[in-house]
Engineer: 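Encoded as structure tokens, here's the structure I'll be asking about.
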Amino acid sequence: MQERARPIDCALSDLIISSYRRVVGAALLPQDVPEAEQDKWLYENAPFCVLAHNNDSDPLFIYANEAAQRCFEYSLEEFLVLPSRLSEEAPERLERQRLLDSVARNGFAAGYTGVRVAKSGRRFWIENGIVWQLIDDHGAIHGQAATFNHWRDV
């Protein structure tokens, strides 16, 4: 059975891109990506992983670009029903919660390194990650996002 193509959620992509610029103070995408193509480029062509979760008490993933899907070995449909805490093993979750609490207080954290687990159980290091608050133009918080472009198997 062929997997259905899903439309790109432009509003969510725009929030990820704009909140990164607003909170981190830098551009998430290369300058040569035309504005009209940014959502598609981030989802399909970015050579780095981007994930986001909502702000529920047990946050669920709401976004995972194709690089993140390959890295974690989940389809988008699987990601969108997965609590983000399950992206790592139980012993690492306390440290992850400390990171998320720090991001909530400070807006973002850079230089994050940690062990994550793929669907297959493969463990890998995320290196030099950035985690930031998803904040819209009106100051409303919609969750948190993360990006990293360096990972290696444990």
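When reading the values below, keep in mind they use all heavy atoms of this one structure, side chains included, and skip hydrogens, waters and symmetry mates.
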Engineer: Taking only distance into account, with no hydrogens and no angle test, what donor-acceptor pairs under 3.5 Å do side-chain atoms of residues 131-141 form with protein atoms, sequence neighbours excluded?
Structural biologist:
| from | atom 1 | to | atom 2 | distance (Å) |
| --- | --- | --- | --- | --- |
| W132 | NE1 | S19 | OG | 3.1 |
| Q133 | OE1 | Q144 | NE2 | 2.8 |
| D136 | OD1 | H138 | N | 2.8 |
| D136 | OD1 | G139 | N | 3.0 |
| D136 | OD1 | A140 | N | 3.0 |
| D136 | OD2 | H142 | NE2 | 2.8 |
| D137 | OD1 | R22 | NH1 | 3.2 |
| D137 | OD1 | R22 | NH2 | 3.4 |

Engineer: Within this structure, what is the SG-CG distance for the pair C71 and N149, rounded to the nearest 0.5 Å?
Structural biologist: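 These two atoms lie 11.0 Å from each other.
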
Engineer: Would you say Q69 and Y43 make side-chain contact, with heavy atoms under 4.5 Å?
Structural biologist: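 Yes, at least one pair of side-chain atoms sits under 4.5 Å.
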
Engineer: When clusters are formed by joining ILVMFWY residues with side-chain heavy atoms under 4.5 Å apart, either directly or through shared neighbours, do L86 and L51 land in the same one?
Structural biologist: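 Both belong to a single hydrophobic cluster.
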
Engineer: Could you work out, with side-chain contact (heavy atoms from CB on, under 4.5 Å) as the rule, every residue matching V81, not counting sequence neighbours?
Structural biologist: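 For V81, no residue satisfies side-chain contact (heavy atoms from CB on, under 4.5 Å) once neighbours in sequence are set aside.
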
Engineer: If hydrophobic residues (ILVMFWY) are linked whenever their side-chain heavy atoms come closer than 4.5 Å, directly or via other members, who joins V115 in its cluster?
Structural biologist: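 Grouped by the 4.5 Å side-chain rule, W125, V154 form the rest of the cluster around V115.
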
Engineer: Under the side-chain hydrogen bond (donor to acceptor under 3.5 Å, both in side chains) rule, collect the residues that match up with R122, sequence neighbours excluded.
Structural biologist: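 E73, D153.
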
Engineer: How close do A64 and A68 get, heavy atom to heavy atom, and via which atoms?
Structural biologist: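 Residues A64 and A68, closest heavy atoms: CB-CB, 4.3 Å.
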
Engineer: Can you name the residues that form a salt bridge (charged side-chain N to carboxylate O under 4.0 Å, His left out) with E127, not counting sequence neighbours?
Structural biologist: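 Testing E127 for salt bridge (charged side-chain N to carboxylate O under 4.0 Å, His left out), a comparison that skips the adjacent residues, returns R152.
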
Engineer: Ring pair (Phe, Tyr, Trp, His ring centres under 6.0 Å): which pairs involve residues 98-122, sequence neighbours left out?
Structural biologist: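 For residues 98-122: none.
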
Engineer: For F72, enumerate each residue passing the ring-ring contact (aromatic ring centres under 6.0 Å, His included) test, keeping only those at least two apart in sequence or located in another chain.
Structural biologist: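 F79, F124.
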
Engineer: Looking at every non-hydrogen atom in both residues, tell me the closest pair between P83 and L60 and how far apart they are.
Structural biologist: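 Heavy atoms only, the tightest pair is N-CD2, 3.6 Å.
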
Engineer: Would you mind listing every side-chain hydrogen bond (donor to acceptor under 3.5 Å, both in side chains) that reaches into residues 26-40, with sequence neighbours excluded?
Structural biologist: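 Output for this query lists K40-E44.
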
Engineer: Would you compute the distance between atom CG of L80 and atom CG of L82 and round it to the nearest 0.5 angstrom?
Structural biologist: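 The CG atom of L80 sits 9.5 Å away from the CG atom of L82.
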
Engineer: Would L29 and Y63 show up in the same hydrophobic cluster when neighbours are defined by side-chain heavy atoms closer than 4.5 Å?
Structural biologist: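 Yes, it is one cluster - the side chains of L29 and Y63 are joined through contacts under 4.5 Å.
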
Engineer: Between CG of N128 and OG1 of T113, what distance do you get to the nearest 0.5 Å?
Structural biologist: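 Reported value, rounded in 0.5 Å steps: 6.5 Å.
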
Engineer: To check you understand the geometry: which heavy-atom pair defines the closest contact between G107 and V23, and what is its length?
Structural biologist: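 That would be O-CG1, 3.0 Å.
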
Engineer: List the residues meeting side-chain hydrogen bond (donor to acceptor under 3.5 Å, both in side chains) with D14, not counting sequence neighbours, and say none if there are none.
Structural biologist: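 side-chain hydrogen bond (donor to acceptor under 3.5 Å, both in side chains) list for D14, sorted by chain: empty.
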
Engineer: If hydrophobic clusters are built by linking Ile, Leu, Val, Met, Phe, Trp and Tyr wherever their side-chain heavy atoms come under 4.5 Å apart, do V24 and I17 end up in the same one?
Structural biologist: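 Yes, V24 connects to I17 through the hydrophobic network.
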
Engineer: Tell me, which pairs form a salt bridge (Lys or Arg N to Asp or Glu O under 4.0 Å) where one or both residues lie in residues 55-64, sequence neighbours left out?
Structural biologist: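 Of all non-adjacent pairs touching residues 55-64, those that pass salt bridge (Lys or Arg N to Asp or Glu O under 4.0 Å) are D58-R85.
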
Engineer: Go through I8 and S13 one step at a time and tell me if the side-chain contact (heavy atoms from CB on, under 4.5 Å) criterion holds.
Structural biologist: CA-CA 8 Å; I8 294 170; S13 297; 3.9 Å; yes

Engineer: Is there a path from L15 to L76 through hydrophobic residues (I, L, V, M, F, W, Y) whose side chains come within less than 4.5 Å of each other?
Structural biologist: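 L15 and L76: one cluster.
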
Engineer: Would a single hydrophobic cluster contain both W151 and V50, if residues Ile, Leu, Val, Met, Phe, Trp and Tyr are joined by side-chain heavy-atom contacts under 4.5 Å?
Structural biologist: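 Each belongs to a different hydrophobic cluster.
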
Engineer: Identify, with sequence neighbours excluded, every residue that meets side-chain contact (heavy atoms from CB on, under 4.5 Å) alongside A46.
Structural biologist: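 By the side-chain contact (heavy atoms from CB on, under 4.5 Å) rule, A46 matches W41, L42, F48, N65.
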
Engineer: Please enumerate all residues that pass side-chain contact (heavy atoms from CB on, under 4.5 Å) together with E78, with sequence neighbours excluded.
Structural biologist: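 Here the qualifying residues are Y74, S75, K119.
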
Engineer: When rounded to the nearest 0.5 angstrom, what is the spacing between OH in Y20 and OG1 in T147?
Structural biologist: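 Between atom OH of Y20 and atom OG1 of T147 there are 6.5 Å.
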
